[in-house]
Amino acid sequence: MPENPNPQGKGLVTLLEQWESVRPAIAEPKNPRTLLNDYVVSLLVLSAEFKFKPVVGNDYHLYRSAGTWRMSLIAPSEWTHTQPDAYVGSCILRTDMTWRLVPAADLDCQPGLLEDLAGFVRDFSDALESHDSLEAGLPYYVPQLPFYQRLLATGLASSISKTAEISGLSGRDAKFWLNAPVEPGRPVIGALL
C-alpha cells in the first residue's frame, strides 16, 4: 500500500469553506460618501501585496515601498530592521468585507505618498467613469489577483452591491458618484483624500 503523501490532510480545505470565512455580514444602508469611501479604501488595501489571510477585526499595516502598496502584520514601531519606505496607516477588515483605514499621524508630511494616494483615487475615478454604474465595475472575479486578495475582492463586490441596493443607490452612473455632494459644494471624490 503506498504511503499517503498528505497524512494531515493539508490543502483539503474547500473553496466554499474559504468563501464562508469572507462572506460579508448583512449590509447596512450607507450614504454615497461612506459607500464610495469604503469602496476606494478597500480597493487600495486589496491592491497591496500580502501573503496571509486577513482576519476580521485584526490590525494590519499598509506601507508604500518602491512604487508598491504592501500590507504587513508588523506595525512601524515593531520593525527590527529597516521599515518599508512610507507608512500609510493601519487597516482593519470589517465584517461587511470593507476595510477601514486609520491614516498615519504624519501622512500630511509625506508629499510623495499623498501624490501616490491621489493617483490611486484618480485611477479609481477613471475606472468608474468607464462603467455604466458602480456595480458594473465591481471586482467579483479578478483572475490575476493572488488567492486571498481574489477571495476578499469577491466578498467586497458582494458587500458593495448589497449596500448600494439597500441604500437606494443601485444603478447610479459615474456622474452621480463623482459629483454627489458630501457637504454643500464639495463632491464625494474630493472628500476621499
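Any value given below was found using the heavy atoms of this structure, including those in side chains, with hydrogens, waters and symmetry copies removed.
In this structure a side-chain-to-backbone donor-acceptor pair under 3.5 Å is missing from Ser161 to Ala157. Ser42 places no side-chain N or O within donor-acceptor distance of the main-chain N or O of Thr98, the cut-off being under 3.5 Å. Between the side chain of Thr154 and the backbone N or O of Arg150 there is at least one donor-acceptor pair closer than 3.5 Å. Distance alone, capped at 3.5 Å, places no donor-acceptor pair between the Ser133 side chain and the Arg172 backbone. The closest donor-acceptor contact from the side chain of Ser158 to the backbone of Gly155 lies at 3.5 Å or more, if one exists at all. A donor-acceptor contact shorter than 3.5 Å links the side chain of Ser72 to the backbone of Ile74. Although no hydrogens or angles enter the test, the distance criterion places a donor-acceptor pair under 3.5 Å between the side chain of Gln149 and the main chain of Ala48. Remark: the backbone N or O of Asp59 is not paired with any side-chain donor or acceptor of Ser90 at under 3.5 angstrom. Remark: side-chain polar atoms of Glu49 are not paired, donor with acceptor, to backbone N or O of Met71 under 3.5 angstrom.
For Thr34 and Asn31, the side-chain atoms include at least one donor-acceptor pair closer than 3.5 Å.
Listed by chain and residue number, Val142 satisfy the side chain to side chain contact (heavy atoms under 4.5 Å, CB included) test with Gln144 (two or more places apart in sequence, or in another chain).
By the neighbour-count criterion of 12 heavy atoms within 6.0 Å, atom CG of Asp173 is densely surrounded, having more than that number from other residues, nucleotides or ligands. For Glu129, the CD atom counts as densely surrounded, since its 6.0 Å shell holds more than 12 non-hydrogen atoms of other residues, nucleotides or ligands.
Counting only heavy atoms from C-beta outward, the side chains of Arg100 and Leu93 never approach each other to under 4.5 Å.
The distance between the ring centers of Phe50 and Tyr60 does not fall below 6.0 angstrom.
Between Asp96 and Lys30 there is a salt bridge, since at least one side-chain N of the basic residue sits less than 4.0 Å from a carboxylate O of the acidic one.
Residues Phe52 and Leu152 share a single hydrophobic cluster, defined by chaining ILVMFWY side chains whose heavy atoms lie under 4.5 Å apart.
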